[in-house]
Amino acid sequence: MAGEAGAGPGGRWRPRGDRDRDRDPGPAAAPAPPQPLQDLTGNGGVRKEQLRPGTGQLVPPSASVAVKYSGYLGNWNNPFCSYGHGKYPKLMKLGRDITLWGLELGLMSMARGEAAQFWFSPEYAYGPRGCPPHIPPDTTVLFHVELLDFIDSEECDVFFELSDVQQDTFPLEKVLKVAATEKEFGNYFFHKQNFGVAKHRYKRALSILDRSCSSEAERSQINTSKVPLLLNLSLTYLKLECPERALKYGKKALEMDQGNVKALFRCGQACLCMKEYSKSRDFLTRAQQIQPFNRDINNELKKWARCYEEYVETEKGMCCRMFDSSCG
């Protein structure tokens with residue numbers, strides 16, 4: 001990873017020990033790659049050494065990727081560039097946010113969770129001019145890359161290039177796929193605890209689904225796609241400590257699916273946060289009647305009982321103090 005490197009078993013480049021920390025090889029070119037390597041371009045321009053295999057499909061050209069990478073010249077103690085090593089790496093769109101041609105080609109050879117090292121010749125890196133002052137002209141560079149995740153957004157890219165009129169006539173099947181992709185983006189940011197961006201992507205997906213329907217069957221399909229988005233928004237607003245909004249979206253989900261246990265549960269949670277104890281108990285007991293052995297619901301009812309007991313005790317204390325002061 002970013003820091004130090006040296007030759008390991010079998011000639012593979014790996015982090016060196018402390019013995020080489022004080023050396024400064026200067027701006028020498030990246031070390032010669034071990035052999036054999038996968039030649040991605042057929043001309044040696046982008047060569048790959050897989051360090052850890054990934055799972056699933058390879059990254060498509062239209063994807064947005066969550067990636068960690070570091071770029072090196074000859075000095076393994078100091079990468080000339082590093083990205084994605086923070087707590088919440090941003091998604092980067094291929095063809096837009098990644099400007100190094102070799103890196104983009106390398107990413108499209110990777111699967112989710114894969115780690116690899118790449119050697120990029122100058123024509124796939126920084127060219128005959130380099131990138132002063134850090135990268136000399138005609139320099140081969142080494143990149144260490146980890147692909148954390150990716151989302152294929154091809155349908156979204158096509159959809160958002162259309163006019164409003166064209167979007168309204170877009171086939172329903174593709175509209176549902178676009179909304180599902182936006183939901184996937186929202187889920188990604190939610191799991192990274194970036195709740196503000198997650199909320200935006202969920203709302204964007206809902207707006208995509210707000211279209212006129214030609215039949216009841218089409219309306220049913222759209223509502224089926226809307227309910228999970230409404231539930232995700234309800235949970236996201238709970239995380240953002242906005243229980244009023246959480247209740248709003250939970251109720252909207254119930255309008256489309258009256259017996260939805262998650263919607264009842266979210267509404268119960270929101271009302272409990274708002275200290276509306278009667279409404280909270282009503283929502284939670286309705287959810288429990290549908291799923292009596294649901295651990296989350298039963299734990300929330302226990303929490304409700306503790307909170308309500310504390311509330312009653314607080315009210316009693318306030319009343320006692322009021323009467324005591326009036327008697328004095």
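Throughout, residue positions are numbered sequentially from 1 according to the sequence presented.
- Counting heavy atoms from C-beta outward, Val175 and Ile222 have side chains that stay 4.5 Å or more apart.
- Between His144 atom NE2 and Gln117 atom CD the span is 5.5 Å, to the nearest 0.5 Å.
- Judged by distance alone, the side chain of Lys90 and the main-chain N or O of Gly84 form no donor-acceptor pair under 3.5 Å.
- In this structure, Ser280 and Leu272 approach most closely via the heavy-atom pair OG-CB, 3.5 Å.
- Using cut-offs of 30° and 60° on the angle between ring planes, the pair Tyr83 and Tyr69 is parallel.
- Taking the ring centre of Phe189 as origin, the terminal cationic atom of Arg201 falls outside the region bounded by 6.0 Å and 45° from the ring axis.
- Distance check: Leu238 CG to Arg245 CZ gives 13.0 Å after rounding to the nearest 0.5 Å.
- In this structure, Phe170 places its CZ atom where more than 12 heavy-atom neighbours from other residues, nucleotides or ligands lie under 6.0 Å away.
- Between Thr224 atom OG1 and Met256 atom CE the span is 9.5 Å, to the nearest 0.5 Å.
- For the pair Leu103/Phe118, no side-chain contact is recorded, criterion being any heavy-atom separation below 4.5 Å from C-beta on.
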Steps toward side chain to side chain contact (heavy atoms under 4.5 Å, CB included) verdict (Tyr126, Phe80): CA-CA 13 Å; Tyr126 298 95; Phe80 64 82; 3.4 Å; yes
Evaluate Asn294 against Gln288 for side chain to side chain contact (heavy atoms under 4.5 Å, CB included), listing each step before the verdict. CA-CA 7 Å; Asn294 186 300; Gln288 188 186 51; over 6 Å; no
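- Considering only heavy atoms from C-beta on, Phe143 comes within 4.5 Å of Cys81 through its side chain.
- In the hydrophobic cluster analysis, where Ile, Leu, Val, Met, Phe, Trp and Tyr join through side-chain heavy atoms closer than 4.5 angstrom, Leu176 is grouped together with Leu231.
- Contact annotation: the side chain of Phe190 approaches that of Leu235 to within less than 4.5 Å [non-hydrogen atoms, C-beta and beyond].
- Within the 3.5 Å criterion, the main-chain N or O of Gly45 finds a donor-acceptor partner in the side chain of Thr41.
- Within the structure, every pair that satisfies the salt bridge (Lys or Arg N to Asp or Glu O under 4.0 Å) test and touches residues 205-230, not counting sequence neighbours, is listed here: Asp210-Lys226.
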Would you please test Tyr202 and Asn187 for side chain to side chain donor-acceptor pair (under 3.5 Å) and show each step? CA-CA 8 Å; Tyr202 293 142; Asn187 290 345; 2.6 Å; yes
With side chain to side chain contact (heavy atoms under 4.5 Å, CB included) as the test, would you mind laying out the steps for Lys177 and Glu173 before giving the verdict? CA-CA 6 Å; Lys177 189 172 181 180; Glu173 181 182 350; over 6 Å; no
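- In this structure, Tyr311 and Tyr277 have tilted ring planes: the angle between them lies in the 30° to 60° band.
- The closest side-chain heavy-atom distance from Val145 to Lys68 is not below 4.5 Å.
- The shortest side-chain heavy-atom distance between Leu209 and Leu229 falls under the 4.5 Å cut-off.
- In this structure, Ala263 and Ala253 approach most closely via the heavy-atom pair CB-CB, 3.9 Å.
- No more than 12 heavy atoms of other residues, nucleotides or ligands lie within 6.0 Å of NZ in Lys262, so this atom counts as exposed by the packing criterion.
- Using modelled atom types, one side-chain atom of Ser207 and one backbone atom of Arg204 make a donor-acceptor pair closer than 3.5 Å.
- In this structure, the separation between SG on Cys273 and CG on Leu247 is 10.5 Å, given to the nearest 0.5 Å.
- Judged purely by atom type and a 3.5 angstrom limit, Ser234 has no side-chain atom pairing as donor or acceptor with the backbone of Leu230.
- Val46 and Trp101 end up in the same hydrophobic cluster when Ile, Leu, Val, Met, Phe, Trp and Tyr side chains are linked at under 4.5 Å.
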Evaluate the salt bridge (Lys or Arg N to Asp or Glu O under 4.0 Å) criterion for residues Glu114 and Lys48: first the C-alpha distance (whole Å), next the side-chain angles of each, then the deciding distance (0.1 Å), finally the verdict. CA-CA 12 Å; Glu114 183 177 345; Lys48 174 183 178 181; 2.7 Å; yes
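- Asn232 and Tyr249 share no donor-acceptor pair across their side chains, judged by distance under 3.5 Å alone.
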Steps toward side chain to side chain contact (heavy atoms under 4.5 Å, CB included) verdict (Cys267, Lys251): CA-CA 7 Å; Cys267 290; Lys251 284 183 173 180; 4.2 Å; yes
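- Panel note: side chain Asn298, backbone Pro292; a donor-acceptor pair is recorded below 3.5 Å.
- The line from CD1 of Ile290 to CG of Leu264 is 5.5 Å long, rounded to the nearest 0.5 Å.
- The two residues Cys271 and Lys279 make their nearest non-hydrogen contact at SG-CB, 3.8 Å.
- Looking only at side-chain heavy atoms (C-beta outward), Leu94 and Pro61 stay at 4.5 Å or farther from each other.
- A donor and an acceptor atom, one from each side chain of Ser62 and Asp152, are located under 3.5 Å apart.
- Looking only at atom types and distance, the side chain of Gln289 has no donor-acceptor partner in the side chain of Arg286 under 3.5 Å away.
- The two residues Gly102 and Phe120 have their closest heavy-atom pair at O-CE2, 3.3 Å.
- Side-chain contact annotation: Gln50 with Gln38, donor-acceptor N/O pair under 3.5 Å absent.
- The number of heavy atoms from other shown groups lying within 6.0 Å of CD (Gln166) is above 12.
- By the criterion of side-chain heavy atoms lying less than 4.5 angstrom apart, applied directly or through intervening Ile, Leu, Val, Met, Phe, Trp or Tyr residues, Val197 is not grouped with Leu148; the two fall into different hydrophobic clusters.
- Here the closest non-hydrogen pair linking Thr140 and Ser121 is OG1-CA, 3.8 Å.
- Among all heavy-atom pairs drawn from Pro136 and Leu73, the shortest one is CD-CD1, 4.1 Å.
- Because its NZ or CZ atom is not both nearer than 6.0 Å to the ring centre of Tyr124 and within 45° of the ring axis, Arg47 does not count as a cation-pi partner of that residue.
- Of the possible polar contacts, none joining the Arg266 side chain to the Ala246 backbone as a donor-acceptor pair under 3.5 Å is found.
- A donor-acceptor pair under 3.5 Å links the side-chain atoms of Glu104 to the main chain of Gly95, judged by distance alone.
- To the nearest 0.5 Å, the span separating CD1 on Ile151 from CD on Glu182 amounts to 9.0 Å.
- The local environment of NZ in Lys93 is crowded, with over 12 non-hydrogen atoms from other residues, nucleotides or ligands closer than 6.0 Å.
- Between the side chain of Thr181 and the main chain of Cys156, no donor-acceptor pair closer than 3.5 Å is present.
- The local environment of NZ in Lys203 is crowded, with over 12 non-hydrogen atoms from other residues, nucleotides or ligands closer than 6.0 Å.
- By the 4.5 Å heavy-atom criterion applied to side chains, Lys174 and Phe159 are not counted as neighbours.
- Under the 4.5 Å side-chain contact rule for hydrophobic residues, Phe265 and Met274 share a cluster.
- Cluster annotation: Phe185 is not connected to Ile98 through the hydrophobic network of ILVMFWY side chains, with a link wherever side-chain heavy atoms come within less than 4.5 Å.
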